[in-house]
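All remarks here apply to the structure that follows.
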Amino acid sequence: MSARFKAPKGTFDVLPAQAVPRARVERAAAELLGRAGYGRIETPAFEDTELFERGVGEATDIVRKEMFTFEDLGGRSVTLRPEGTAPIARAYVEHGMHKLPQPVKLWYAGPFFRYEAPQAGRFREFSQIGAEAIGSDSPLVDAELIILLDALLRELGVPELELRLSSLGSGEARGAYREELQAFLRAHESELAREVRDRIDANPLRAFDSKDERTGAVMAQAPTILERLEGDDAEHFEAVRRLLDEAGIEYALDGTLVRGLDYYTRTVFSFGCPRLGAQSEVGGGGRYDALVEQLGGPAAPAAGWAVGVERIVLAAGSEEEQSTSDVFVAAADDRREAALALVGELRRAGLSADLDLAGRSLKGQMKQADRVGARHTVILDEDGGAVLRDMSSGEQTEVDPATLAETLLRGSG
Ligand code: HAM
């Protein structure tokens, strides 16, 4: 017997009923972000490995152990993109977008890849929608981005949204805080999980994310960056908070909020939905004022976010939805040609129309119309007549196929 294949571990097929709610997420994002002046950008699914090493950070879990990296046939190391911000910063530099009016506002949607342990809401290939505003350090940018994400998630029906907000500071204050945290961690080294201990030098902030109980007890006593913000950083954060307050956006300040990417400076935020369980973050982001320069571009402070499409669909409880059609054309055997011509006409008029392609009896076709969720069925009978049936009321009327499109459009209008 020949082998039967399955989708690779941590990946999944999107079947038509699942494609409907996913498409709705993308449509809502396209409309909302389009109205806010964000233009769509598409970058390749793979990039030079070094882009992520430098952009996302060598000490992050993503770069250390989650990238799908391989050598292409030309001997170059390439990586399936684990996230979208570094590629977009690369594109900003490559296309000289700093010459455009700033900030440049971009949005994207597509597949991303991380070699993570699969579980509910966590996959090895998943879909993100993201927005990036590059070229301004105004707190208005941070606030606008958060307001847009809040609006998107609400429109899509994600329940029990919780927004956590923090600032990681920048420059010297951030460096000083990092040293203070490292000293604190060293003083408690014997109580920390091995993984946390091993990363005191490279990535001390990640200690806040540890699931280990004893580490958690230590970290509850740790100093947080929010207590150490000063000067411009403190002012920037105050301004973001004021703007969110004015917009009526509720949030919880959380000085332990660290994100798994090293490029963040100043504002960071995360939208969670507790209903999702362990992987409760629906989306998040923050400022990354140094990334563009770090990738060889001009100074271009920036901010952005990304959401997981699968997590939105899971949280909103819309995993499966059948698409419906306006009309199903059922035909007696000698009227199948007429049926094909009629669906063509109806589709040209802008209606969704379907017909039987499997040689079913008229009765079987009526059942099929029901199964595909048609709102109306037209029956082309043996005598050359045509009857329109409203599938919810069961009401039937004689119709003229020549004016059917008009009749249906009038009815739905
Ligand atoms: P991130 O937090 O790593 O941020 O990912 C954003 C969202 O993608 C998460 O909140 C989650 O919903 C979804 N996600 C991440 N990993 C997985 C996975 N393995 N399976 C399913 N969903 C997942 C970023 O990627 C940043 N680039 C966001 C950003 C944009 N920051 C600034 N600009």
Side-chain angles (χ1 to χ4, degrees), residues 7-14 22 25-26 29-30 33 38-95 97 104-118 121-134 145 149 259-264 270 279 281-288 290-297 300 302-312:
K9 187 170 176 196
T11 71
F12 53 88
D13 300 308
V14 176
R22 290 167 66 89
V25 173
E26 189 168 323
L33 293 167
Y38 284 74
R40 178 148 187 182
I41 182 167
E42 292 180 36
T43 63
F46 61 89
E47 298 267 359
D48 280 345
T49 300
E50 207 187 331
L51 173 69
F52 300 114
E53 289 170 348
R54 287 206 351 227
V56 173
E58 307 223 49
T60 59
D61 279 351
I62 293 184
V63 171
R64 282 174 16 146
K65 49 187 191 194
E66 293 173 3
M67 298 207 300
F68 284 91
T69 296
F70 57 98
E71 217 173 77
D72 70 10
L73 295 177
R76 299 168 211 93
S77 178
V78 293
T79 292
L80 293 181
R81 58 182 185 182
E83 65 98 46
T85 309
I88 284 170
R90 190 244 335 118
Y92 177 90
V93 177
E94 185 172 335
H95 301 284
M97 291 193 225
V104 175
K105 302 207 278 190
L106 302 164
W107 78 276
Y108 54 94
F112 292 83
F113 308 85
R114 292 183 194 176
Y115 192 80
E116 294 199 80
R122 191 161 75 189
F123 312 99
R124 290 186 174 166
E125 178 177 349
F126 56 97
S127 241
Q128 269 190 0
I129 292 177
E132 316 283 353
I134 308 182
L145 278 162
L149 180 49
R259 302 188 37 77
L261 306 121
D262 272 358
Y263 46 63
Y264 290 116
S270 167
Q279 302 303 317
E281 188 187 272
V282 190
R287 234 178 209 289
Y288 49 95
L291 178 64
V292 173
E293 234 177 327
Q294 219 168 293
L295 297 177
W305 50 251
V307 288
V309 173
E310 291 78 17
R311 291 192 192 172
I312 292 180

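For the numbers below, each heavy atom of this structure counts, side chains included, while hydrogens, waters and symmetry mates do not.
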Assess the residue pair F70 and V78 against the criterion (side chain to side chain contact (heavy atoms under 4.5 Å, CB included)); give the C-alpha distance rounded to whole Å, side-chain angles, the decisive distance to 0.1 Å, and a yes or no.
CA-CA 6 Å; F70 57 98; V78 293; 3.5 Å; yes

For [X] versus [Y], what's the shortest heavy-atom pair and its separation?
{"X": "G84", "Y": "F112", "result": "N-CE2, 3.4 Å"}
{"X": "I129", "Y": "A29", "result": "CG2-CB, 3.8 Å"}
{"X": "A86", "Y": "G55", "result": "CB-CA, 4.5 Å"}
{"X": "R124", "Y": "A117", "result": "NH2-CA, 4.4 Å"}
{"X": "P118", "Y": "G10", "result": "CG-CA, 3.7 Å"}
{"X": "V93", "Y": "G297", "result": "CG2-CA, 3.7 Å"}

Do D262 and V63 pass the side chain to side chain contact (heavy atoms under 4.5 Å, CB included) test, and can you show the C-alpha distance, the side-chain angles, and the key distance before you say yes or no?
CA-CA 10 Å; D262 272 358; V63 171; over 6 Å; no

With a cut-off of 6.0 Å (strictly less than), are more than 12 heavy atoms of other residues, nucleotides or ligands near CZ of F46?
no

Neighbour count above 12 (heavy atom, 6.0 Å) for R76 CZ:
no

Mind checking the [atom1]-[atom2] spacing from [X] to [Y]? Nearest 0.5 Å is all I need.
{"X": "L106", "Y": "E132", "atom1": "CG", "atom2": "CD", "result": "8.0 Å"}
{"X": "E42", "Y": "W107", "atom1": "CD", "atom2": "CH2", "result": "8.5 Å"}
{"X": "E66", "Y": "E116", "atom1": "CD", "atom2": "CD", "result": "4.0 Å"}
{"X": "Y115", "Y": "K65", "atom1": "OH", "atom2": "NZ", "result": "12.5 Å"}
{"X": "F52", "Y": "R81", "atom1": "CZ", "atom2": "CZ", "result": "8.0 Å"}
{"X": "M67", "Y": "T60", "atom1": "CE", "atom2": "OG1", "result": "7.5 Å"}

Would you say [X]'s side chain and [Y]'s backbone share a donor-acceptor pair under 3.5 angstrom?
{"X": "T43", "Y": "P87", "result": "no"}
{"X": "R114", "Y": "I62", "result": "no"}
{"X": "R311", "Y": "G121", "result": "yes"}
{"X": "W305", "Y": "G283", "result": "no"}

Sequence neighbours excluded, which residues qualify as side chain to side chain contact (heavy atoms under 4.5 Å, CB included) partners of F12?
V14, R22, F123, E310

Which residues share a side chain to side chain contact (heavy atoms under 4.5 Å, CB included) with A290, sequence neighbours left out:
Q294

Charged N to carboxylate O below 4.0 Å: is that the case for R90 and E50?
no

Of H95, M97, K105, which meets side chain to side chain contact (heavy atoms under 4.5 Å, CB included) against I41?
M97

Is the closest side-chain donor-acceptor distance between Y288 and T85 under 3.5 Å?
no

Whether the E281 and S270 side chains hold a donor-acceptor pair (N or O, under 3.5 Å, no angle test) is what I'd like checked.
yes

May I ask you to test the F68-P82 pair for a side-chain heavy-atom distance under 4.5 Å?
no

Side chain to side chain, I134 and I88, heavy atoms closer than 4.5 Å:
yes

